[in-house]
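Before any comments, here is the structure.
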Amino acid sequence: MTANVAVETTPEIPLWNDPSHPVSARVDALIGAMTLQEKIAQLYGVWVGASANGGEVAPHQHDMEEAVDLDALLPSGLGQLTRPFGTAPVDPALGALSLLRTQTRITSANRFGIPAVAHEECLAGFAAWGATAYPVPLSWGATFDPDVIRRMAAAIGRDMRAVGVHQGLAPVLDVVRDLRWGRVEETIGEDPYLVGTIGTAYVQGLESAGIVATLKHFVGYSASRAGRNLAPTSVGPRERADVLLPPFEMAIREGGARSVMHAYTDIDGIPSAADEKLLTGLLRDTWGFDGTVVADYFGIAFLKTLHGIAGDFADAAGAALTAGVDIELPTVKTFGAPLADAVAEGRVPESLIDRALRRVLTQKADLGLLDPDWSPVPPAFAGADLDDPDTLRGTIDLDSPANRELAREIAEKAVVLLANDGTLPLIAPRRIALVGPNAAEGTAVLGCYSFPQHVGVQHPEIPVGIELPSLGESLAAEFPDAEITVARGTGVDDGDLSGIAEAVDTARDADIVVVALGDRAGLFGRGTSGEGCDAESLALPGAQQQLLDALLDSGTPVVTVLLAGRPYALGRAVEDSAAIVQSFFPGVGGTRAIAGVLSGRTTPSGRLPVSVPRGPGSQPATYLGARLAQASEVSNIDPTPAFGFGHGLTYTTFAWSDLTVDAEQAPTGGEFTASLTVRNTGERTGTEVVQLYLHDPVASVVQPVQRLVGYTRLELAPGESRRVRVTVPADVASFTGRDGRRIVEPGELELRLAASSTDTRLTTRVTLTGPVRELDHTRRFHAEFTVG
């Protein structure tokens, strides 16, 4: 079917290729000139893998899909290329050449010369062979530092853009609701404000480099029952509105994200991929989002195969288009022949295709892909000889010294010192026993979406591609005069007890024990953390607790170090360890960062983005619980954490004093301003994180006991003091009322200035006056800090 629409052209250039015209006019003209098949072709991707010798990409064979015939597809065009760098190990320069040649083939094959959008994963760095592996998002949250995450995302985006990539599938804005969920490592934390501010900074950085940031997973994926991946979700409208949605609101409004990925979740029987109220009513009509909505991989087909709301793939395609999904990923399934047949049969109106196509082509126009001077040659190839692939090999560095330095900075800021009896920092130790399954394993710093763990494990014959010093190697560099003896003790999850006796003997012969415990990242049960690697309980995997307890009985002081994707209950080690250091898959600079904290070369400044449970079975629980979620005399289960959200020690001390409030009353549309003094009372420079929590003692609906509404990092020299001023708009006290409207109510509030959710330092009570006030998504999100 070809629409008979008059198209304005010039002898030199069609209107849709002419950047002197408004994008909307160019897109309308192009849509009017396209056949139905050409329209549909722009709405799906094909999963490909770059050629190792620089040739064209080849379709990726996946066990969920049939083989794709590119020769048959490309004359109609192609919307997206799925993970050309992130499917198999390939030299970055040859991967870029392969993508270049494929884009040339795509544009030559379709009559409008439209290239594909190339997308990649970038959750903890560009997921390509040889690219820097940064700390995982849970470590981003531990920094409480949006600026450094913004700089990291910009660096990731520059590397992706340099080789021809357009879109990144990050950040994950799911708020942790159950620590047993395998994808906790991919999240930023358990608090929506922390997730929103850190995630928005990531979006700003990625978008600043010209990469389309993709928010995921919209919405409710992390709230699955029992923490099981892709499991049923029980979320009420208030939890969705006040906990799960705010990070997405913030990242769209303040971050400028240009894409959103629907979740696999169904909420109250409506899958996100088929939820018109969510993807069109809320996202577009209310929030004003004008970018693209992409499918989570295979998510549209799941409407038939998993959710059972579609009788065939044509129905699935129609349901997704109706809801507001624009692009099928990772490859063509429902948006191919089934959709074309459904349109021909009158089951799906062509207007839905045109609606999605308009968004897709608008984004391609914004990326410059419709411009007459567009070139498939990426920036990294400026001046290169593209006719000789052998001369290109090794010429693109995705793991530059600047990248590694930034990764180190983030890792250092993310290390959390949970406990310390004065043993740390270690001063010139003579004999160190380094014990545990993560003591000598370089990949222990990597999350499941790092390239080596996500893809590289399937290619053991290929070198890992980046430098990953083990904790043992980093300790040897940090303590060159110490005698370091390494004993594995047990595996991460093999339950092997045979090495524990040797580990204890090693401990008894040492002055200090450093035990390296935690996780091995993997996918779908191949690890203890990661997608599809959910935990039955929050006990340490395998026999690690038995090893830890045996070491605690050795008589030698034990420093417990966690390299993990989630927090674990540590049993008696909470009280009996000389110190506990928590790190969440800290990336290429991770073990050096940990070693620096152990030696005192760096002062720990990380804070917990998730609570550390006291017991292995007291889930689900987050600090955001209402009064009924707290410990009580009517339940034998105590959910009180061993270490609360926001907790983290340093090697110095701070005094908080002189809290003042400019006015104790303000209208429901007004604001309060409070000031306090923070002073470093110790002998070392250190970082304090001032956290502001809101407590609403009486509200018309049940509220969490407290929730984070602002924070700031302060680095202070010994004896230095700073005056901290925070402006608290009444908007941050808003919540979803009984009738579903977001409101601010009059009444008393308590502002808690705290070092963590369990360590309030100063409090003040203020009162909101006047009528109940209704708000929307344009409300003020932040309590604003200034430091004098």
Side-chain angles (χ1 to χ4, degrees), residues 141-148 189 191 193-194 197 409 412-425 427 578-583 593 596-609 611-612 623 641-661 673-695 706 708-728 750-764 783-788:
T143 69
F144 275 70
D145 187 346
D147 178 66
V148 75
D191 177 85
Y193 184 74
L194 180 67
T197 51
E409 179 185 351
E412 289 184 352
K413 288 183 173 181
V415 174
V416 185
L417 180 60
L418 296 182
N420 185 23
D421 66 3
T423 296
L424 296 184
I427 306 301
I580 304 174
V581 176
Q582 175 76 66
S583 183
V597 166
L598 296 183
S599 71
R601 174 173 50 82
T602 60
T603 299
S605 64
R607 301 296 188 268
L608 283 175
S611 305
V612 174
Y623 96 95
F643 304 103
F645 172 85
H647 170 78
L649 304 179
T650 70
Y651 289 152
T652 188
T653 56
F654 298 93
W656 301 31
S657 63
D658 303 325
L659 176 63
T660 61
V661 180
T673 300
S675 301
L676 71 153
T677 297
V678 180
R679 180 171 179 265
N680 184 343
T681 55
E683 299 178 352
R684 291 189 54 148
T685 296
T687 298
E688 183 69 299
V689 179
V690 178
Q691 302 163 42
L692 176 62
Y693 294 86
L694 179 74
H695 169 62
Q706 61 181 345
L708 185 72
V709 294
Y711 60 87
T712 191
R713 285 175 61 102
L714 294 175
E715 183 173 314
L716 300 174
E720 183 182 7
S721 65
R722 302 292 294 274
R723 191 70 177 163
V724 180
R725 184 179 177 89
V726 57
T727 300
V728 187
E750 185 175 279
L751 305 178
R752 300 175 176 178
L753 289 148
S756 75
S757 62
T758 55
D759 185 8
T760 299
R761 300 293 176 86
L762 299 169
T763 63
T764 186
E784 301 287 351
F785 282 84
T786 57
V787 180

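Residue indices begin at 1 and follow the sequence shown. Please read all numbers here as calculations on a predicted model, not as lab measurements.
Under the 4.5 Å side-chain criterion, counting only non-hydrogen atoms from C-beta, Leu753 is in contact with Leu659. Side-chain contact check for Leu694 versus Leu751: some heavy-atom pair is nearer than 4.5 Å. Two residues are said to be in side-chain contact when any heavy atoms from C-beta on lie closer than 4.5 Å; Val612 and Leu418 meet this criterion. Residues Pro718 and Glu683 have side chains not in contact (no heavy-atom distance under 4.5 Å, counting atoms from C-beta outward). In this structure, the side chains of Leu716 and Val678 come closer than 4.5 Å at one or more pairs of heavy atoms. A heavy-atom distance below 4.5 Å is found between the side chains of Tyr651 and Val597. Two residues are said to be in side-chain contact when any heavy atoms from C-beta on lie closer than 4.5 Å; Val690 and Trp656 meet this criterion. Annotation: side chain of Leu424 is in contact with side chain of Leu598 (closest heavy-atom distance under 4.5 Å).
Pairing each heavy atom of Ala593 with each of Val415, the nearest pair is CB-CG2, 4.2 Å. Closest approach of Ala414 and Ala142 over heavy atoms only: O-CB, 3.5 Å. Nearest heavy atoms, Ser611 versus Pro641: CB-CB, 3.9 Å. The shortest heavy-atom contact between Thr687 and Ser605 is CB-CB, 3.6 Å. Listed here is the closest heavy atom pair of Val416 and Gly648: CG1-CA, 3.9 Å. Across Gly686 and Thr603, no two heavy atoms sit closer than the pair CA-CG2, 4.3 Å.
Here the OG1-CD distance, from Thr602 to Glu412, works out to 4.5 Å after rounding to the nearest 0.5 Å. Note that the NE2 atom of His647 and the CG atom of Asp759 stand 8.5 Å from one another [nearest 0.5 Å]. Taking CZ from Arg679 and CD from Glu720, the interatomic distance works out to 10.5 Å, rounded to the nearest 0.5 Å. A distance of 10.5 Å separates OG1 of Thr660 from CG of Leu762, quoted to the nearest 0.5 Å. Atom OG1 in Thr652 sits 12.0 Å away from atom CG in Leu649 (nearest 0.5 Å). Once rounded to the nearest 0.5 Å, the distance linking CZ of Phe785 with OG1 of Thr727 reads 9.5 Å.
Remark: Glu688 engages Arg607 in a salt bridge, criterion side-chain N to carboxylate O under 4.0 Å.
When atom types are taken as modelled, the side chain of Glu750 and the backbone of Thr763 share no donor-acceptor pair closer than 3.5 angstrom. Using modelled atom types, one side-chain atom of Thr143 and one backbone atom of Asp145 make a donor-acceptor pair closer than 3.5 Å. With hydrogens and angles disregarded, no donor-acceptor distance shorter than 3.5 Å links the side chain of Asn680 to the backbone of Gly719. Looking at Gln691, its side chain does come within 3.5 Å of a backbone N or O of Ala755 through a donor-acceptor pair. Here the side chain of Glu784 pairs no donor or acceptor atom with the backbone of Val726 at under 3.5 angstrom. The backbone N or O of Ala717 lies less than 3.5 Å from no partner atom in the side chain of Arg684, so there is not a single donor-acceptor pair.
By the neighbour-count criterion of 12 heavy atoms within 6.0 Å, atom CD of Glu715 is sparsely surrounded, having that number or fewer from other residues, nucleotides or ligands.
Evaluation of the ring pair (Phe, Tyr, Trp, His ring centres under 6.0 Å) rule for Tyr623 yields Phe645, Tyr693 as partners, not counting sequence neighbours.
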Requested in this report: Give the C-alpha distance, both sets of side-chain angles, the deciding distance and a yes or no for side chain to side chain contact (heavy atoms under 4.5 Å, CB included) between Arg713 and Lys413.
Outcome: CA-CA 11 Å; Arg713 285 175 61 102; Lys413 288 183 173 181; 3.8 Å; yes
Query raised in the report: Step by step, would you call Glu409 with Val148 a side chain to side chain contact (heavy atoms under 4.5 Å, CB included)?
Result: CA-CA 8 Å; Glu409 179 185 351; Val148 75; 3.7 Å; yes
Report task. May I have the step-by-step check of side chain to side chain contact (heavy atoms under 4.5 Å, CB included) for Phe643 and Ile580, ending in yes or no? Result -> CA-CA 11 Å; Phe643 304 103; Ile580 304 174; 4.2 Å; yes
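Side chain to side chain, Thr677 and Ser721 fail the donor-acceptor criterion of an N or O pair below 3.5 Å.
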